Structures are given as structure tokens and as C-alpha cells.
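Worksheet for the structure shown next.
Reminder, nothing fancy here: chain letters follow the sequence lines and each chain counts from 1. In this text the structure is predicted, and so the values were computed from the model without any measurement.
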Number of protein chains: 2
Amino acid sequence: MKSGLTVQEVAERTGLSAHTIRYYERIGLIPSVGRAPNGHRRYTETDVGWIEFLKCLRSTGMPLAEMLRYVALQQEGEGTFQERLALLEAHRHRIKAKIEELNKLLERIEAKINWYRSREVQSG
Amino acid sequence: MKSGLTVQEVAERTGLSAHTIRYYERIGLIPSVGRAPNGHRRYTETDVGWIEFLKCLRSTGMPLAEMLRYVALQQEGEGTFQERLALLEAHRHRIKAKIEELNKLLERIEAKINWYRSREVQSG
DNA sequence: ATACAACTTAGAGTATGCTCTAAGTCAAGA
DNA sequence: TCTTGACTTAGAGCATACTCTAAGTTGTAT
């Protein structure tokens, strides 16, 4: 019977390094990770889901400080639902804005690429 | 008669700080900026266009090191057209991948938001 | 004349987010 | 028994990209 995943196993699953996972725990992003009798970390599927959510927030550009704020609200309990929702909605807004910005800038870069291509034809 | 824009004016136009513009010049991203007789920088419209292009590359996530590589190729002359084109195409590919990633992760965050909203209704 | 604001340079300092190290524990296999 | 490898911790180190500072110069307004 398996008591949980090791930090390496979680690293493999999530694509984060074991160093980073421990670091996230240390700064408070992953509260209450279980330990084996020898002190080694043991992760549940719930933990893995949470870490994947953290990764999702990070990959979309949320700073660690804001992720910590989210965790803090979570630990304060149900009274912080509105605030957590607001935080996520603000983040969603930023992601959408970033996607729009990227699309706009992509066009500009493609224009430059096309300029190079037109030159390429003439100069061989 | 105006001999060119000052660093502050370029900062206002491009949205970069004067510090950053000087820094970019120092590391080699903005070659050959003209000087007034007193040694002050004077920018042409061409310079501004180039700085805006740099900003575009940065905002889409290109590291300074790669931008420097692009500048280096540019200064080597016409023989580097292919390489410059390849560099921009690789970058375009990364931007597209990033947009796709953001769209995917955005969905996940929206799912979480919707989960919060459904709770919100029940708990008042 | 003098104060002020904007500029110059080289270099130091900061923010963020990892990433690695050192010293030690522990369990399993040769 | 001894080695190997994975784990633990606290803390140091590093990469990136700015951002600021200090000391000095210059041009303009009062």
C-alpha cells in the first residue's frame, strides 16, 4: 500500500523541479504536505492537483506574491470567497489582455518577417 | 530647427524609461545614437521606430541576449538575412505557442472562477 | 551671478524566481 | 558492513532585467 507520492514523482508529473516544489512549500504556497515516518514528503492526488493549479497561475504570469495572497485567503476560510474570486477574475482579465497584446505584437513581427521574405526573393 | 528627440521625449513616446533606453544603448541594443554638441543623446524617428521594435520583441518575451544576437546579425550586413529571418520565425513560433498555452490555461482558470461563482449563489 | 533642471557616465543595487550546495539522515542492495 | 541514492534543512548563489545613485557638465531662466 502506497502512502503517497515522493517529491520526485510529483516533479515528474507536474514538470516542476523537485527544488522548485520544495521552494514553493517553503514560502507557503503548498501548506500541509504530509510526511512519511522518516520525514520524507508524501503527496496526495489533491496535492498534485493543487501544484498543477499553482503551475497554471505561474505560467499565466501571476507573481508568487499574489499566489501567496490567494493561499492566505484560502486558509482564512469561507469568508474570503469573494476576495478569492475577485483575485482570479483580475488575473483572468490580465491574461486576456496579454493574449490580445501578443496577438497584436505578433502581427507586427509577422510584418517584419514578410518584409524579410520579400527581400529574400529579390536578393536570391 | 530640431536636431532630434531627447532621451526623455523618446521615453514618453515609447513607454520605456529613460534609464532603460540608456541601458539598452549601453548593452548594444541601440547602436549609433547621435549626440548633440554637448554630448546629449539625440534620437531620429528611425531610432524611435527601432526602439519600438525592440519593445515589441521584449513584450513578446524575447530575452535581451537574443535581441543582441539580432542586432549583431544586422550589423554584419546583408549576408545574415537568412539568419535574421530564422530568428524572427522561431520567435513567432514561440509567441504562437505561448498564445495557445495562455488560451488553454485561461480556460482552466475560468473553470475555477465558475466553480467559485456556483458556490457564491448557494452561500449568498 | 546663480539656481535649477536635464543631461552624461560607470557602476552599484534591487526584484523576482528559481537553482544549487552543504551537511546530515535513512533505507535498501552487494 | 558498506556503499549508494534519495531524501531532509537552511541558506547561499545565480540569471535576468532593469533601476537607481553619484559625481560631474551644461543650458536656460531669474
Side-chain angles (χ1 to χ4, degrees), chain A residues 1-44 47-48 51-71 91 94 98 105, chain B residues 1-44 47 51-71 91 94 98:
Chain A
M1 119 181 201
K2 199 83 191 308
S3 64
L5 299 161
T6 68
V7 71
Q8 270 309 329
E9 285 163 344
V10 174
E12 276 154 32
R13 281 221 203 172
T14 62
L16 296 172
S17 76
H19 281 309
T20 299
I21 293 168
R22 289 194 206 99
Y23 168 67
Y24 280 7
E25 183 182 338
R26 200 188 336 174
I27 66 174
L29 281 177
I30 316 170
S32 64
V33 174
R35 300 291 146 130
N38 61 6
H40 291 196
R41 290 169 177 82
R42 288 293 177 269
Y43 296 87
T44 64
D47 292 328
V48 174
I51 290 166
E52 272 166 353
F53 184 63
L54 290 179
K55 197 193 171 187
C56 170
L57 294 179
R58 268 305 293 146
S59 300
T60 50
M62 187 183 284
L64 294 184
E66 196 170 333
M67 291 163 66
L68 279 169
R69 170 86 183 129
Y70 185 82
V71 173
H91 187 52
R94 284 195 305 264
K98 186 65 190 177
L105 297 176
Chain B
M1 117 180 202
K2 198 84 191 305
S3 64
L5 299 161
T6 68
V7 71
Q8 270 309 330
E9 284 163 344
V10 174
E12 275 153 35
R13 282 221 201 174
T14 61
L16 296 173
S17 76
H19 280 309
T20 300
I21 293 168
R22 289 195 208 98
Y23 168 67
Y24 279 7
E25 182 182 338
R26 197 182 346 168
I27 65 174
L29 280 177
I30 316 170
S32 64
V33 174
R35 300 291 145 131
N38 61 7
H40 291 195
R41 289 168 177 80
R42 289 293 177 268
Y43 295 88
T44 64
D47 291 329
I51 291 166
E52 271 165 355
F53 184 62
L54 290 179
K55 196 192 173 191
C56 169
L57 294 179
R58 268 305 293 144
S59 300
T60 49
M62 187 183 284
L64 295 184
E66 196 169 333
M67 291 163 64
L68 279 170
R69 169 84 184 131
Y70 185 81
V71 174
H91 187 53
R94 284 194 305 264
K98 186 65 189 177

### Summary
In numerical order, the residues of residues 14-37 of chain A whose heavy atoms come under 4.0 Å of DNA chain C are A/His19, A/Thr20, A/Tyr23, A/Tyr24
### Query
Among residues 59-71 of chain B, which contact DNA chain D at a heavy-atom distance under 4.0 Å?
B/Pro63, B/Leu64
### Message
For A/Tyr24, give me all partners under side chain to side chain donor-acceptor pair (under 3.5 Å), at least two apart in sequence or on another chain.
### Response
none
### Task
Could you check A/Asn38 against B/His40 and say which one's nearest nucleotide on DNA chain C is further toward the 5' end?
B/His40
#### Entry: Contacts of B/Tyr23 that satisfy side chain to side chain contact (heavy atoms under 4.5 Å, CB included) - sequence neighbours left out
B/Ile27, B/Leu64
### Message
Holding to side chain to side chain donor-acceptor pair (under 3.5 Å), I want the full list of residues that pass it with A/Thr14, two or more places apart in sequence or in another chain.
### Response
none
### Message
Using the salt bridge (charged side-chain N to carboxylate O under 4.0 Å, His left out) criterion, which residues pair with A/Arg22? Sequence neighbours excluded.
### Response
none
### Message
Suppose the criterion is salt bridge (charged side-chain N to carboxylate O under 4.0 Å, His left out): which pairs have a residue in residues 29-40 of chain B, not counting sequence neighbours?
### Response
B/Glu25-B/Arg35
#### Entry: Test item: side-chain donor near acceptor, B/Thr60 and B/His91, under 3.5 Å
yes
### Residues forming a side chain to side chain donor-acceptor pair (under 3.5 Å) with A/Thr44, sequence neighbours excluded
A/Asp47
### For A/Arg69, salt bridge (charged side-chain N to carboxylate O under 4.0 Å, His left out) partners two or more places apart
A/Glu83
### Task
Can you tell me which residue pairs pass the salt bridge (charged side-chain N to carboxylate O under 4.0 Å, His left out) test with a partner in residues 52-62 of chain B, sequence neighbours excluded?
none
## Note on the structure
Under a 4.0 Å heavy-atom criterion, DNA chain C is touched by chain A from C/dG17 to C/dT21
### Summary
Contacts of A/Glu66 meeting salt bridge (charged side-chain N to carboxylate O under 4.0 Å, His left out) (sequence neighbours excluded), chain-then-number -> A/Arg94
